J.: 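This structure is in structure tokens; I'll ask about it shortly.
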Amino acid sequence: MPHSEGMRGKGFVDAIRVEGGYPVEGSITVEGAKNSALKLMAATLLAPGASTLTNVPNISDVHVMGKVLKRLGAAIDVVDEHTLVIDTEPVASWVTPYELVAQMRASTAVLGPLIARFGKAVVAMPGGCNIGARKIDMHLAGLSALGVAFDITHGNIHASAPDGLHGAEVNLEFASVGATENLLMAAVLADGVTTIENAAREPEICDLANMLNEMGGQVTGAGTPTIAVEGVDELHPVDHEVVGDRIEAGTFLAAGALMGGPVEVKGFDPEHLGLVLKKYEAMGMEVERRNGPDRASRGAVISREGPIRPLDIQTLPFPGFPTDMQAQTLVLLSVADGACVVTENVFESRFMLAAELARMGANLSIDGHHAIVRGVERLSGAPVTAPDLRGGAALVMAGLAADGYTVVSNVHHIDRGYEGFVPKLKSLGAHIERLNV
Ligand code: UD1
């Protein structure tokens with residue numbers, strides 16, 4: 001697999017240093033969406049043969065999913081940095097061990113496809129995670145309704161559907177992205193019709209449904225709360241382009257908003273950031289949306305002249321405000337002209353960034369799933385530690401605005417989801433470097 005920016009090893013300093021206070025302006029193009037690419041890679045298991053995925057981000061999470069597929073027996077040809085040909089014809093194993101699931105929780109996306117293809121799967125139970133418990137009970141309940149029996153022993157989920165998968169009506173308790181995806185990928189080859197009520201509506205769900213339909217599946221309603229899947233006997237390999245990464249785009253737009261911009265971000269559909277962009281406008285940013293005919297001509301430009309206005313935000317499943325944009329927005333609000341409340345409704349324990357931001361002078365108090373943010377005039381550079389992927393990116397952003405130097409350590413988290421984070425920020429004028437020894 002191609003290399004990401006970061007390499008961990010003995011003697012390697014896992015950190016990014018930013019010198020704050022310099023303008024951030026210009027144009028960048030985002031990659032394909034991490035959260036889509038991982039599931040599309042898993043979906044190739046459903047159609048024995050060689051599928052081609054383009055616009056795949058070159059990030060460490062994609063490398064881990066590559067390892068998962070190879071472990072199952074797939075052959076992966078890296079045609080260029082963003083194009084993978086995945087041949088799932090030789091896949092002959094249905095076992096995904098803990099060492100891979102522990103590296104990346106999203107490895108569990110192979111559960112649905114493996115059951116659909118082999119009638120069985122063994123996937124390690126994901127452990128705890130630094131953004132909350134992140135259970136998979138809804139995945140298992142939904143798949144049970146389709147005829148799957150589960151036996152959880154020695155930390156592994158043993159799934160089997162000896163009589164095959166059959167369509168069913170599944171009502172999700174919460175519009176879980178991962179559960180919707182696992183169900184879709186199982187239902188597409190089940191016998192009969194499956195309806196998923198309270199399905200997740202994220203753009204990445206639509207991307208997956210589109211790919212399944214290109215493979216010969218019969219999925220309707222993706223992007224709405226009710227998805228219907230009429231099972232087919234078999235699927236065929238396809239060529240598919242990964243949808244642009246709305247969260248990578250949102251992160252760079254947030255950086256532009258923080259520093260004033262203008263920053264143009266190309267390669268994503270601005271409707272996928274609908275509520276984020278509306279909220280940013282209400283916070284005093286100017287946003288120009290670009291809806292061109294192709295990926296390269298779609299995007300948005302952001303700029304800001306006046307102060308950042310405080311605004312209450314609450315995260316919710318799509319089309320609500322994405323939890324994956326909460327940390328970056330917290331940074332903006334921490335230098336806003338007043339106080340507001342940020343409420344996290346999707347994940348528990350997702351305010352670990354707050355303690356690090358406080359080290360940089362932010363005034364935040366956390367009360368359960370609420371953060372009370374009192375805007376301060378300026379942040380001051382400090383050594384901080386990335387708590388997770390989005391929190392890490394947000395701390396680098398904070399460093400752009402802070403006085404002096406900020407050194408963010410544990411930035412392998414950032415490598416999981418951002419390709420070329422440092423070079424992209426550098427191209428926008430940031431004084432930033434990856435520390436190497
Ligand atoms: C995906 C994204 C992640 C994003 C999240 C919400 C990937 C690889 N990750 O994560 O970046 O932040 O959607 O948009 O695509 N839950 C249960 N039981 C379940 C499933 C979920 O209790 O069976 C809970 C989780 O603990 C969490 C909430 O539901 O609190 C949302 O989870 P879910 O939508 O499933 O997120 P992921 O698919 O894990």
Side-chain angles (χ1 to χ4, degrees), residues 32-43 56-57 59-62 64-65 68 101 103-112 123 125-145 148 150 152 157 170-186 196 198-208 225 242-243 245-248 250-251 272-273 275-276 314-329 343-351 353 368-369 388-394 413-414 416-418:
K34 166 179 95 73
N35 288 352
S36 200
L38 298 174
K39 321 311 166 57
L40 302 179
M41 290 173 78
V56 179
I59 51 177
S60 64
D61 270 9
V62 162
V64 176
M65 188 53 98
V68 170
V101 178
Q103 277 181 55
M104 185 183 69
R105 212 181 163 280
S107 307
T108 51
V110 297
L111 185 61
V123 176
M125 191 78 182
C129 163
N130 50 2
I131 54 170
R134 301 189 79 169
K135 295 183 297 225
I136 63 162
D137 55 321
M138 282 186 261
H139 302 228
L140 304 189
L143 291 167
S144 300
V148 184
F150 292 102
I152 301 180
I157 303 165
V170 179
N171 278 281
L172 292 178
E173 231 173 275
F174 181 88
S176 154
V177 171
T180 303
E181 290 165 337
N182 250 328
L183 279 167
L184 262 176
M185 292 189 278
I196 309 172
N198 197 24
R201 290 185 266 170
E202 272 68 5
E204 294 76 22
I205 301 279
C206 298
D207 201 19
L208 174 62
V242 180
V243 69
D245 197 324
R246 65 195 165 103
I247 304 299
E248 184 191 6
T251 305
H272 295 169
L273 276 183
L275 190 59
V276 173
Q314 58 167 319
T315 66
L316 282 170
F318 193 84
F321 195 93
T323 177
D324 287 350
M325 281 302 298
Q326 183 251 97
Q328 304 87 317
T329 307
T343 303
E344 174 57 55
N345 292 312
V346 179
F347 289 110
E348 40 187 298
S349 341
R350 217 185 191 183
F351 285 125
L353 163 77
H369 65 132
D388 56 27
L389 167 59
R390 307 302 168 188
H413 285 300
I414 298 178
R416 288 186 37 220
Y418 292 91

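As the structure lists them, so they are numbered: ligands from 1, and atoms in each ligand from 1. Keep in mind it's a predicted model, so treat the numbers as computed, not measured. Atoms considered below: every heavy atom in the structure, side chains included; atoms not considered: hydrogens, waters and symmetry mates.
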J.: Flag Glu181 as yes when one of its N or O atoms lies below 3.5 Å from any N or O atom of ligand 1, and as no otherwise.
T.: no
J.: With heavy atoms only and a cut-off of under 4.0 Å, state how Glu348 meets ligand 1: side chain, backbone, both or neither.
T.: neither
J.: Main chain of Thr343, side chain of Gln314: is a donor-acceptor contact present, judged purely on distance under 3.5 Å?
T.: no
J.: For Lys34 and ligand 1, does the shortest N/O to N/O distance drop below 3.5 Å?
T.: no
J.: Could you tell me whether Phe174 approaches ligand 1 through its side chain, its backbone, both or neither, with non-hydrogen atoms closer than 4.0 Å?
T.: side chain
J.: Mind checking whether Pro317 and Val346 have side chains closer than 4.5 Å, heavy atoms only?
T.: yes
J.: Could you verify whether a donor N or O on one side chain and an acceptor N or O on the other, from Gln326 and Thr315, lie under 3.5 Å apart?
T.: no
J.: Would you say Thr323 and ligand 1 have an N/O pair spaced under 3.5 Å apart?
T.: no
J.: Establish, from distance only, whether the side-chain atoms of Asn182 and His139 form a donor-acceptor pair under 3.5 Å.
T.: yes
J.: For ligand 1, which part of Ala106 has a heavy atom less than 4.0 Å away: the side chain, the backbone, both, or neither?
T.: side chain
J.: Would you call Asp61 and Arg105 a salt bridge, using N to O less than 4.0 angstrom?
T.: no
J.: Should you measure from each heavy atom of Asp324, which atoms of ligand 1 turn up under 4.0 Å away?
T.: 3 (C), 4 (C), 11 (O), 12 (O)
J.: Taking N or O atoms only and a 3.5 Å limit, does Met138 qualify as a polar contact for ligand 1?
T.: yes
J.: Against heavy atoms of Gly178, which atoms of ligand 1 measure under 4.0 Å?
T.: 35 (O), 38 (O)
J.: Using a strict 4.0 Å threshold on nitrogen-to-oxygen distance, state whether Glu204 and Lys34 make a salt bridge.
T.: no
J.: Among Asp137, Val346, Val177, which one puts a heavy atom closest to atom 13 (O) of ligand 1?
T.: Val177
J.: Heavy-atom contacts under 4.0 Å between Arg105 and ligand 1: side chain, backbone, both, or neither?
T.: side chain
J.: Does the distance from a Lys or Arg side-chain N to an Asp or Glu carboxylate O, for Lys39 and Glu181, drop under 4.0 Å?
T.: yes
J.: Counting from 1, what ligand 1 atoms have a heavy atom of Lys135 closer than 4.0 Å?
T.: 16 (N), 17 (C), 18 (N), 19 (C), 20 (C), 21 (C), 22 (O), 23 (O), 26 (O)
J.: With side chains defined as the heavy atoms from C-beta onward, is the minimum distance between Asp245 and Pro57 less than 4.5 Å?
T.: no
